[in-house]
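One-based numbering along the sequence shown.
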Amino acid sequence: MNVVNESPRRKELTRLAAQLFVQEGFDRTTVRMLAQEMGIKSGSLFHHFRDKQEILAAVIEEGTQNALTLARQALEECGDSASERLHAMAKAHLETLLTDRNAHVVALYEWRRLDSAARDHLSHLRDAYEELWERVIDEALADGLIHGDRFLVSRFVMGALNWTVRWYDPEGPRKPEDLAHELVAMITSSTRTPPGQSTKV
C-alpha cells in the first residue's frame with residue numbers, strides 16, 4: 001500500500017477530506033460528499049485516490065508524519081535536561097494538534113476505521129511517535145522529575161494533550177507554550193521554573 005503522494009493537488013484534497021471527516025465522521029461521509037467538498041466530480045476523485053479507505057489513510061498519515069517531524073525537531077532544539085525535553089514534547093504536541101487540527105482529530109477518532117492493510121502501513125509512524133514520548137518520560141522518571149508507571153504516565157499525558165482539541169481556543173489568551181507549562185507543572189513532583197521563564201513576578 002502506498003498512500004504517500006506529495007503533489008499539491010492531492011495534499012489539498014487530503015486537507016479537505018480531513019475537514020469533512022471531522023464534520024461528518026468517516027462512516028457518514030460519502031464519496032459524493034467528498035467530491036462536492038473538493039469541487040470535483042465523483043469519478044474524478046478516483047484519479048487521485050483508489051477509494052475512501054485510501055483517503056482516510058492519507059489523512060492519518062499526513063497528520064501523524066507532521067506530529068513526528070515537529071516532535072523530533074523540538075527535541076533537537078531544546079536543552080538536555082529532562083524538564084526541558086518534557087516541555088518541548090508537550091509544546092510540540094499541542095502545536096501539531098492546533099496547526100493541523102483536522103488531520104489529528106481524524107487520526108485520534110477514526111484510526112479504528114482503517115482496514116488492516118492501512119493499519120499495518122501506518123503503525124510504524126504511530127509507534128515511532130509513541131517511542132519518542134516513552135523515551136522522554138523515561139528520562140523524567142530517571143531524573144526524579146515525575147513518578148509512576150511509564151505506560152500510565154504516557155497515556156495520561158497524551159490523553160490530556162489530545163483532549164485539548166475539544167476545548168482549547170487558539171484565538172484565546174493562552175498560547176500552546178502556556179498550556180505546555182501548565183501540564184508539566186501538574187505532572188512534575190517539584191516546583192521548577194519552566195525553561196525560559198523568570199522567577200520574578
Quick check: is [Y] connected to [X] through a chain of hydrophobic side chains (ILVMFWY, heavy atoms under 4.5 Å apart)?
| X | Y | answer |
| --- | --- | --- |
| Phe156 | Phe151 | yes |
| Trp167 | Val157 | yes |
| Met89 | Leu70 | no |
| Leu132 | Ile187 | yes |

Option among Glu61, Glu62, Glu54 that satisfies the salt bridge (charged side-chain N to carboxylate O under 4.0 Å, His left out) test with Arg10: Glu54
Any side-chain heavy atom of [X] within less than 4.5 Å of one from [Y]?
| X | Y | result |
| --- | --- | --- |
| Glu177 | His87 | yes |
| Val22 | Arg101 | yes |
| Val105 | Phe21 | no |
| Ile146 | Glu139 | no |
| Leu152 | Arg155 | no |
| Val106 | Leu56 | yes |
| Trp163 | Met158 | no |
| Ile137 | Leu141 | yes |

How close do [X] and [Y] get, heavy atom to heavy atom, and via which atoms?
| X | Y | value |
| --- | --- | --- |
| Gly63 | Ala103 | CA-CB, 3.8 Å |
| Ala67 | Tyr129 | O-CE1, 3.6 Å |
| Val59 | Ala18 | CG1-CB, 3.6 Å |
| Gly25 | Glu110 | CA-OE2, 3.7 Å |
| Ala107 | Thr64 | CB-OG1, 4.5 Å |
| Asp80 | Arg85 | O-CD, 3.8 Å |

Cation-aromatic face contact Arg150/Trp133, 6.0 Å, 45 degrees: no
Separation of [Y] [atom2] from [X] [atom1] (nearest 0.5 Å):
| X | Y | atom1 | atom2 | value |
| --- | --- | --- | --- | --- |
| Ile40 | Leu13 | CD1 | CG | 5.5 Å |
| Thr14 | Met38 | OG1 | CE | 7.0 Å |
| His121 | Leu114 | NE2 | CG | 10.5 Å |
| Leu34 | Leu45 | CG | CG | 6.0 Å |
| Asp120 | Asp115 | CG | CG | 9.0 Å |
| Lys52 | Phe26 | NZ | CZ | 4.5 Å |

Under the ring-ring contact (aromatic ring centres under 6.0 Å, His included) test, residues paired with Phe49 that sit two or more places apart: none
Salt bridge present between Arg15 and Glu12 (N-O < 4.0 angstrom): yes
Glu76 bridged to Arg72 by N-O distance under 4.0 Å: no
Pairs involving residues 16-32, ordered by first then second residue, that meet salt bridge (Lys or Arg N to Asp or Glu O under 4.0 Å) (sequence neighbours left out): Asp27-Arg113
Other residues, nucleotides, ligands: >12 heavy atoms within 6.0 Å of Gln36 CD: no
Intermediate values then yes/no, side-chain hydrogen bond (donor to acceptor under 3.5 Å, both in side chains), Asn162 and His93: CA-CA 8 Å; Asn162 289 335; His93 191 94; 2.7 Å; yes
Backbone N/O of Gln53 and side chain of Asp51: donor-acceptor pair under 3.5 Å: yes
